[in-house]
Amino acid sequence: MSDGGFWQELVGLGNKSRDIRSLIAADAGRFGGFSARFDDVLYDYSRTSLTAEAKDLMLEFLQARGFEARRAAMFAGERINSTEARAVLHTALRLPEGAALVVEGEDIAAQVMADRAKCFAFADAVRSGAIANAKGEAFTDVVNIGIGGSDLGPAMVTQALGGFVDGPRAHFVSNVDPSHVHDVLDALDLSRTLIIVASKTFTTQETMANAAAAQARLAAVIGETSGHFAALTTAVDKAEAFGIAPERCFGFEEWVGGRLSVWSAIGLSVMIGIGPARFGEFLAGAYEIDQHFQTAPLEENMAVAMAMVGVWHRNGCGFGTRSVAPYDQRLGQLANYLQQLDMESNGKSVRLDGSGVDYETCPVVWGSTGTNGQHAYFQLLHQGSVEPVEFLVAARRGGHEEQHDLLLANCLAQAQAFLKGRTREEAAAQLKANGRSAEDIESIAPHRVFSGNRPSTLLAYSELTPRLLGRLIALFEHRTFTESVFWDVNPYDQWGVELGKELAAGQLDAVRNPNAEIDPAMAGTLAHLRRLREA
Ligand code: F6P
């Protein structure tokens, strides 16, 4: 199938099949055909305009793109990150004890187990107080200093698994804005705080500036700081040069991408918080999805279904964004996490062979928890532009079932409202039933019309546990990969971010040096800022 032909055909099908309500009315088996299950996890995409014809077309195209071979290449450790000549092996990080994986003659599994064991031993020792401050007092707080993948993963997981934390509390510092590091440290007893500097490269400007600020603060308050620092990095030499003892440096390999690194030493703050055993369950959940992703037939493969819906909405229907709405407060940082996972991976315009794409790639990803979003931007989702919504909800919340029912009911009601909408006649009848005058009805009814027919999907699961969270994140990772195969882009580099880093270095000179040459586009603003700084 030719590339151009596929995209044209997809748009044609997208234009034809916009009426979700009639698709549902016409097919009593729609839920069965447009949902996927893995154990307790359900992905329901029946309330989208995807048709069987479009699904067949997309699966055929995915196969023609070499999806199965590309997937196998990733799991086998081939250097699929072509622009950086690197393997992409985050999946190796969740291999169970005893598994084998040899890549280019190296025993990757053994390396993973050794790195994991070192992190687990350290986490256990911090939790038990065996590793403590100079006075022998146990650490009460852990501050993870990192940014991007060295922050978003552990921060999101820490909040998500808040109910399982029984170790020192974790805090996160990412922004180079000095307020961030100082506000966090201000609130802590520094004598009982462990600082973890998380940076794959150990060169990231924000992280290095924050680590230096933390080091200076601790030195001023408690004097000797080395017992209060640990590093998570692939550049152990740089961490040692910063002053962190080698036995406090936790390594991982260059084949772990930043946004896929929560399973590695980057998850140390989580391991300390919930303990190695629960972290092991988190890894096991992801491993189960890795197996499902590799072995389930494409028609039943949940990550493939999620990717098909993503590409259908982006390319078949032309939607520019996808909104993530977890009806699960502890997933409050999921949208931030997915922004990096999806947009840093697939926000690309160059194909693997270097040619430009002539179709859209990753949509803008945004969102927040329900029910909060309902009282903020859902108005637009009901009556403004059409943006697909991805709901997530748990079936239960141990110990608080009655209140959880309210959450669940709201989630289902929103999905239903997006689908059904309300006609003018229905709006008028409702106003009439409320005793409004004919004149009122005439003027108000149009404002209470909802077009409906707005797509949404739903990921439903039993309860947010470490295992379930591992499953969810792995599903999202594999969706990102599968979408990248559709779009034929390399999801594992991020040259756009590198550009920002290069330009920031130039602007620093302009900010600090009054004689620096200034780009005319910035001259006016910079002159204003300089005046304010000198005042
Ligand atoms: O945002 C770009 C990026 O390179 C991410 O991919 C990475 O997660 C982040 O910077 C942090 O990098 P590091 O872990 O090397 O400090």
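Numbers here are sequence positions counted from 1. The figures that follow rest on heavy atoms only: side chains count, while hydrogens, waters and symmetry mates do not. All ligand and atom numbering here is 1-based and tracks the order in the structure.
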Check: Taking N or O atoms only and a 3.5 Å limit, does Ser199 qualify as a polar contact for ligand 1?
Finding: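 Yes; at least one N/O pair falls below 3.5 Å.
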In ligand 1, which numbered atoms sit nearer than 4.0 Å to a non-hydrogen atom of [X]?
X: Thr204; result: 12 (O), 13 (P), 15 (O), 16 (O)
X: Gln340; result: 5 (C), 6 (O), 8 (O)
X: Gly258; result: 8 (O)

Next item on the list: Could you give me the CA-CA distance, side-chain angles and deciding distance for His180 and Phe172, then say whether ring pair (Phe, Tyr, Trp, His ring centres under 6.0 Å) is met?
Entry: CA-CA 9 Å; His180 200 179; Phe172 294 87; 9.5 Å; no
What protein heavy atom sits nearest [atom], and how far away is it?
atom: atom 10 (O) of ligand 1; value: Lys501 NZ, 4.2 Å
atom: atom 2 (C) of ligand 1; value: Val497 CG1, 3.2 Å
atom: atom 7 (C) of ligand 1; value: Gly149 N, 3.8 Å
atom: atom 11 (C) of ligand 1; value: Ile147 O, 3.2 Å
atom: atom 1 (O) of ligand 1; value: Glu344 OE1, 3.1 Å

Margin query: So that I know where these two stand, are Trp366 and Tyr377 an aromatic pair - ring centroids less than 6.0 Å apart?
Written below: yes
Note to self: So that I know where these two stand, are Trp7 and Phe61 an aromatic pair - ring centroids less than 6.0 Å apart?
What the structure shows: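 Aromatic pair counts; centres sit under 6.0 Å.
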Notebook entry, point to check: According to the interplanar angle, ranging from 0 to 90°, do the rings of Phe282 and Trp263 count as parallel (below 30°), tilted (30 to 60°) or perpendicular (above 60°)?
Noted result: parallel
Check: Once the angle between the rings of Phe481 and Phe67 is folded into 0 to 90°, is it parallel (under 30°), tilted (30 to 60°) or perpendicular (over 60°)?
Finding: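 Ring orientation of Phe481 relative to Phe67: tilted.
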Note to self: Once ring-ring contact (aromatic ring centres under 6.0 Å, His included) is applied, do any residues pair with Phe164, and if so which ones, sequence neighbours excluded?
What the structure shows: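 Partners of Phe164 under the ring-ring contact (aromatic ring centres under 6.0 Å, His included) test: none.
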Notebook entry, point to check: For ligand 1, does Thr201 get within less than 4.0 Å through its side chain, its backbone, both, or neither, judged by non-hydrogen atoms?
Noted result: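 Contact part for Thr201 vs ligand 1: both backbone and side chain.
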Check: Applying ring-ring contact (aromatic ring centres under 6.0 Å, His included), which residue pairs with at least one partner in residues 70-128 are found, sequence neighbours left out?
Finding: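 Of all non-adjacent pairs touching residues 70-128, those that pass ring-ring contact (aromatic ring centres under 6.0 Å, His included) are Phe75-His478, Phe122-Phe250.
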